[in-house]
Protein chains: 2
Amino acid sequence: MTSHQKLTRNQALVLGSLEKAGQPLSAYTILDQLRDDGLRAPLQVYRALDKLLESGLVHRLESINAFVACSHPHSHSHGSAAFAICERCGRVDEFSDAVVQKRLASWSSEHGFKPSRTTVEIRGECAACLGN
Amino acid sequence: MTSHQKLTRNQALVLGSLEKAGQPLSAYTILDQLRDDGLRAPLQVYRALDKLLESGLVHRLESINAFVACSHPHSHSHGSAAFAICERCGRVDEFSDAVVQKRLASWSSEHGFKPSRTTVEIRGECAACLGN
DNA sequence: AATTGGACGTAATGTCATAACGTTAGCTTG
DNA sequence: CAAGCTAACGTTATGACATTACGTCCAATT
């Protein structure tokens, strides 16, 4: 993909691992998957993740301490993504709700709060796991 | 109506510690503060926190791995709280936005997702820290 | 050539959370 | 009461997640 062009080797490996998985992975799981590619220490993964998070290619799921490739890597709407996380199968749906964003921005501006990063995560069970 | 169970000694100590702090604390910080009261192991704190979370007296802040006493312990609106967390001073404002809750519930129902717990956290800088 | 800055490699450590074990205290029921 | 049950407790050990600290490499400037 062209979006990988300016990535370093480690960054490309980490992003590739997440994209291949199609679901959230912990930093240590990523590390395990990349041992054969020469990665040996957590910091190599965390450093790559930091850059990928900065550029919006990867999201962090705070409630499960995991990372996931962005579903819409070309829509530069960082910080505004919301996630539905299935606790049974691990599937994650990334979505974005303008109304939610607007309400949170309103609260912030009404209270003199300057937001830098927002987390919206719903944990539960996905349709597939509910047997339908 | 479950929520008015009497607290055990450890639960009361942990809740007291959080209330006294008036800001989020990590489990290990709580433990340090309660050593003189006889607590010695992380599990004693985590077990108490589990019960306090269940009963809605305490919230967990996923994005900073910390816990905070509920600001409105008598409004049985669990799972629906949102938080604005100041990354400079640590202050946390708990609020609740019906529109946000409604939009997230709508997304869930449209996608056959059964939500069990929702996290909404804004990190940034509070009015006081912005010098205003 | 010298300098600089970003990414890298490695080891050690720090921070957050739970597993697994047995024990204690309060309840309830014959 | 005694037997049995259950929820909470205490302790040790371990697992899981993340960063500090230090030095090296290399390519782009100056």
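Throughout, protein chains are lettered first and strands after them, A, B, ... in sequence-line order, and every chain is numbered starting at 1. Below, each value reflects all heavy atoms present in this structure, side chains not excepted, and no hydrogens, waters or symmetry copies.
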| query | What integer distance in Å separates B:Leu7:CG from D:dC9:C1'? | reply | 16 Å
| remark: Rounded to whole Å, OH of A:Tyr28 lies from P of C:dC16 at a distance of 14 Å
Using atom names, set out every protein N or O paired with an N or O of nucleotides 9-12 of chain C below 3.5 Å, distance rounded to 0.1 Å.
residue, atom, partner, partner atom, Å
C:dG9, OP2, A:Asn10, ND2, 2.9
C:dG9, OP2, A:Gln44, NE2, 2.4
C:dG9, O5', A:Gln44, NE2, 3.4
C:dG9, N7, A:Arg47, NH2, 2.4
C:dG9, O6, A:Arg47, NH1, 3.2
C:dG9, O6, A:Arg47, NH2, 3.4

| task | Kindly indicate, with the supporting measurements, whether the criterion side chain to side chain contact (heavy atoms under 4.5 Å, CB included) is fulfilled by A:Leu15 and A:Glu19. | result | CA-CA 6 Å; A:Leu15 180 57; A:Glu19 285 175 339; 3.8 Å; yes
| query | What is the distance from CG of B:Asn65 to P of C:dG14, rounded to the nearest Å? | reply | 18 Å
| task | Return yes if some donor-acceptor pair links the side-chain N/O of A:Gln44 with the main-chain N/O of A:Leu39 below 3.5 Å, else return no. | result | no
| query | Are the side chain of A:Arg88 and the backbone of A:Cys129 linked by a donor-acceptor contact shorter than 3.5 Å? | reply | yes
| message | Could you tell me if A:Glu62 and B:Thr119 have a donor-acceptor pair between their side chains, going purely by distance under 3.5 Å? | response | no
| task | Answer yes or no: does a side-chain N or O of B:Thr8 lie under 4.0 Å from OP1 or OP2 of D:dC9? | result | yes
| What's the OH-P distance between A:Tyr46 and C:dT13, to the nearest Å? | 19 Å
| Aromatic plane relationship, A:Phe95 with B:Trp107 - under 30° parallel, 30 to 60° tilted, over 60° perpendicular | parallel
| task | Would you kindly give the CG-to-P distance between A:Leu13 and C:dC8, to the nearest whole Å? | result | 10 Å
| said: Can you measure B:Leu49 atom CG to C:dT18 atom P for me and round it to whole angstrom units? | reply: 10 Å
| field | B:Leu53 CG to C:dT18 P, straight-line distance once rounded to whole Å | value | 11 Å
| query | Would you say the side-chain atoms of A:Ser17 pair up with the backbone N or O of A:Leu13, donor to acceptor, closer than 3.5 Å? | reply | no
| message | Please report the distance, rounded to the nearest Å, between CG in B:Asp50 and C1' in C:dA19. | response | 14 Å
